[in-house]
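Every chain is numbered from 1, with letters handed out A, B, ... down the list of sequences. This one's a predicted model, so the numbers in the text were calculated from it and none came from an experiment.
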Amino acid sequence: MVKINTLIKQNNERRKLLNEENMAYYENLLVYIRTSPFKDDQATEEVLVEMLEHLLSAQQDGKTAEDVFGKAPKELADEIIAGLPNEKPAKTAAFMAEIIAQFLGVFIAITGMVTIIDGEPKTIHIGSTLLLVAVQTVGILLLIAFLLKLLKSDAFKQNPKSKKMIWSWALASGLFILAVVVFSVWVEPFGPAMEVSEYTQLIVGVVLLLTAYGLKKWREAK
Amino acid sequence: MSIRSQLLKGILDGCVLAVIDKETVYGYELSEKLQRAGLKDVSEGTIYPVLLRLQKNGFIAGEMQPSESGPNRKYYSLTEKGKDALNEIRTEWELLANPITTLLRGE
């Protein structure tokens, strides 16, 4: 079996050989199919490479992407997505855990460094801290779901609204950061208090980042 | 959708299986063979949903391999289950094709 990374690399390299018109058509298909969540990555990248190689051969014979894949690319893409096998649940779970661990790891490590610079142990209230973690976890998953939806909705548009898309994305990210700030500043600390040393936070953050890295390696090896 | 492509839709899986049964092919070859057999109406892109479906059903197995000319291609071959399915489609087609031809000719 050819590995996913090899397939993605092949796709990136070979795609450059498409002419402008075919490239535009193909990249719409690619974005639309790749942004479908919970589909088996290997099968997705395989069919994308197959279609690219098909288009490249057809291009040499003087055919256009529309000749090959028809005038209704979205319908074709939907049929392809329907035919793709679903991702194994364990892999989906690992991917979500990876994203959450990575994000929380960065956040906790950075606040940990601030604590170290302060040079004083920090008091943590378990109740409010867990609430903050929960808000961040839900927020980051919503944010990613929103980004996928945005990317998908823009494929196949006559005039891609990239500007509008960037603004929607900025707005959503802004709202998310605002929510986190609001929660961390205005929510009264509650729950049992716990004193942590200067380095504990940083260590927890690094452990989370290592966990995320481990999950990534596990997913790629599968 | 034209009448021809509607008719074709039900039997396309069988045609794809029949091509792959003869020899291992990759996508582009498959569509060329279908075209050369006279099925000009099969839009080349439509073979990909069909190939995915046949893989899901376990009728064909696809394997990515480096090709002679360089790029990795996915080569398809028929599984035992696929051979059985093809035989069944062949039998069913025979049972339908003759009476329908006779009827439609108005003989």
In a table with atom names and distances, give each donor-acceptor pair under 3.5 Å that connects a side chain of residues 144-152 of chain A to protein atoms at least two apart or in another chain.
| residue | atom | partner | partner atom | Å |
| --- | --- | --- | --- | --- |
| A/Lys152 | NZ | A/Ser36 | OG | 3.1 |

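- Heavy atoms closer than 4.5 Å to chain B are found in both the backbone and the side chain of A/Ala58.
- With ring centers used as reference points, A/Phe103 lies under 6.0 Å from A/Phe176.
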Please test A/Glu98 against A/Arg219 for salt bridge (charged side-chain N to carboxylate O under 4.0 Å, His left out), starting from the C-alpha separation and ending with a verdict. CA-CA 10 Å; A/Glu98 178 192 323; A/Arg219 272 197 313 122; 2.9 Å; yes
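- Contacts between A/Val49 and chain B at a heavy-atom distance below 4.5 Å involve the side chain alone, from C-beta outward.
- In terms of non-hydrogen atom pairs under 4.5 Å with chain A, the most contact-rich of B/Lys74, B/Gln55, B/Arg53 is B/Lys74.
- Only the side chain of A/Leu7 comes within contact range of chain B, judged by heavy atoms closer than 4.5 Å.
- Contact annotation: the side chain of A/Leu55 approaches that of A/Phe69 to within less than 4.5 Å [non-hydrogen atoms, C-beta and beyond].
- With chain B as the partner, the residue from A/Glu46, A/Glu13, A/Glu79 showing the most heavy-atom pairs under 4.5 Å is A/Glu46.
- No close placement of the A/His54 and B/Tyr26 rings is indicated, their centers lying 6.0 Å or farther apart.
- For the options B/Gly62, B/Pro66, B/Gly27, B/Pro71, heavy-atom pairs under 4.5 Å to chain A are most numerous at B/Pro71.
- Only the side chain of A/Gln10 has a heavy atom closer than 4.5 Å to any heavy atom of chain B.
- A 4.5 Å side-chain heavy-atom check between B/Glu23 and B/Val25 finds at least one atom pair inside the cut-off.
- Heavy atoms of A/Asp61 lying under 4.5 Å from chain B belong exclusively to its side chain.
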